[in-house]
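To keep things clear, I will list the structure first and then write my remarks on it.
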Amino acid sequence: MANILILYYSRNGSTLELARQVCRGVESVAGASALLRTVPPVTSAVQPPIEAVPAEGPPYVTPEEWASADGIALGSPTRFGTMAAPMKYFLDGTSASWVSGALVGRPGGVFTSTSTPHGGHEATLLSLIVPLLHHGMLIVGIPFTDASLSRTHGGGPYGAGVVTNGQAPALGEHEKHLAQVLGRRIATAALRLQGEPRV
Ligand SMILES: Cc1cc2nc3c(=O)[nH]c(=O)nc-3n(C[C@H](O)[C@H](O)[C@H](O)COP(=O)(O)O)c2cc1C
């Protein structure tokens with residue numbers, strides 16, 4: 001069994017919609033299960049007390065869920081051309097699993113939601129890949145052999161995505177498909193890597 005963590009931050013729901021599609025892709029693979037988790041919000045002002053449990057939606061990820069994942073899909077909205085602070089804040093707290101090498105050799109992929117086509121969509125995907133590389137993960141993208149990649153502005157070879165143009169979350173068929181492909185590829189890679197020496 002491969003347990004795939006789909007970890008996202010979303011304020012207005014579009015990154016969450018992508019995360020749900022990634023989960024569908026994971027669950028379409030026999031022997032794989034999807035764990036959907038989010039991260040707490042942060043603020044540049046004095047840190048308010050964060051509820052231990054979100055008011056609604058998926059629970060906050062625990063350090064154990066992060067470190068024990070057989071594969072990870074990481075998603076964040078674009079904020080000034082890079083990942084959102086809550087995701088970065090969470091990642092900055094993952095030193096223990098970096099020291100232990102818990103995620104070395106495990107597959108990881110990324111997804112994002114961006115308002116404008118040239119406002120940092122690809123840059124955000126690449127910013128999300130960097131910490132996964134530091135954790136020693138094997139990066140899974142989306143190949144151009146999938147025709148949907150040439151028919152959408154959301155997502156690319158670096159990961160899944162949607163360009164919202166400032167509208168409410170509304171994934172098109174290609175964005176949904178590519179997010180599912182990402183989940184399916186991470187799950188398939190995780191199953192194939194199980195039992196293999198860590199590289
Ligand atoms: C502080 C802030 C910064 C943002 N920066 C960008 C940006 O650089 N480029 C862009 O296209 N959209 C930017 N956006 C818009 C979000 O990326 C976009 O609304 C995204 O779809 C939100 O995802 P969500 O629905 O999961 O919260 C920004 C939004 C906020 C609140």
Side-chain angles (χ1 to χ4, degrees), residues 1-9 15-39 58-76 83 87-88 90-112 122 124-149 154-161 174-199:
M1 194 73 190
N3 299 310
I4 309 301
L5 172 66
I6 296 88
L7 182 60
Y8 74 95
Y9 174 73
T15 313
L16 171 58
E17 287 304 310
L18 282 168
R20 289 195 174 118
Q21 296 299 325
V22 175
C23 287
R24 286 185 61 179
V26 168
E27 298 281 0
S28 73
V29 178
S33 69
L35 185 69
L36 183 61
R37 292 289 185 265
T38 188
V39 295
Y60 296 136
V61 68
T62 66
E64 293 73 28
E65 287 169 338
W66 166 263
S68 66
D70 296 309
I72 293 177
L74 201 62
S76 165
M83 78 177 85
M87 182 58 76
K88 182 67 166 66
F90 168 80
L91 291 167
D92 285 1
T94 61
S95 300
S97 57
W98 173 74
V99 169
S100 70
L103 295 170
V104 170
R106 296 188 178 172
V110 300
F111 54 98
T112 190
E122 291 186 348
T124 304
L125 292 170
L126 294 170
S127 77
L128 287 162
I129 285 172
V130 171
L132 298 185
L133 285 169
H134 278 255
H135 275 280
M137 300 191 79
L138 305 177
I139 302 304
V140 173
I142 302 172
F144 267 106
T145 47
D146 194 307
S148 283
L149 217 51
Y158 315 120
H174 297 302
E175 287 87 7
K176 285 182 185 171
H177 168 74
L178 292 170
Q180 291 172 23
V181 166
L182 182 71
R184 201 153 49 235
R185 294 191 93 218
I186 295 171
T188 302
L191 282 165
R192 288 184 187 166
L193 288 165
Q194 272 185 342
E196 296 291 327
R198 299 280 199 102
V199 294

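Taking a cutoff of 4.0 Å between a charged side-chain nitrogen and a carboxylate oxygen, R20 and E17 qualify as a salt bridge.
In this structure, D70 contributes its side chain and N3 its backbone to a donor-acceptor pair below 3.5 Å. Side chain of E175 to main chain of G155: no donor-acceptor pair is present (N/O by atom type, distance under 3.5 Å, no hydrogens or angles). A donor-acceptor contact shorter than 3.5 Å is absent between the side chain of T94 and the backbone of S97.
Summarising the geometry, atom OG1 belonging to T112 is positioned 10.0 Å from atom CE belonging to M87; distances are rounded to the nearest 0.5 Å. To the nearest 0.5 angstrom, I186 atom CD1 is 9.0 Å from I139 atom CD1. Rounding to the nearest 0.5 angstrom, the gap separating the CG atom in L182 from the CG atom in L18 is 9.5 Å. One distance of note links NE2 of H134 with CD1 of I129; it measures 12.5 Å at 0.5 Å rounding. Rounded to the nearest 0.5 Å, atoms CE (M137) and CG (L103) are 5.0 Å apart. Distance check: H177 NE2 to Q180 CD gives 8.0 Å after rounding to the nearest 0.5 Å.
No option in L36, V22, V61 other than L36 meets the side chain to side chain contact (heavy atoms under 4.5 Å, CB included) test with Y8.
Counting heavy atoms from C-beta on, the side chains of V181 and L149 never come closer than 4.5 Å. With contacts defined as side-chain heavy-atom distances shorter than 4.5 Å, the pair M83/V110 does not qualify. Side-chain contact between L7 and V39 is present, with at least one heavy-atom pair separated by less than 4.5 Å.
For E122, the CD atom counts as loosely surrounded, since its 6.0 Å shell holds 12 or fewer non-hydrogen atoms of other residues, nucleotides or ligands.
The two atoms that bring L126 and Y158 nearest to each other are CD2-CD2, 3.9 Å, heavy atoms only. Between G141 and R185, the shortest heavy-atom distance links the atoms O-NH1, 2.6 Å. Minimum interatomic distance between W66 and L132 (heavy atoms only, all atoms of both residues): CH2-CD2, 4.4 Å. A pairwise comparison of heavy atoms in R198 and V104 identifies NH1-O, 2.7 Å as the closest pair. The shortest heavy-atom contact between I4 and A190 is CD1-CB, 3.7 Å. In plain terms, the two heavy atoms of A67 and R106 that are nearest each other are O-NH1, 3.5 Å.
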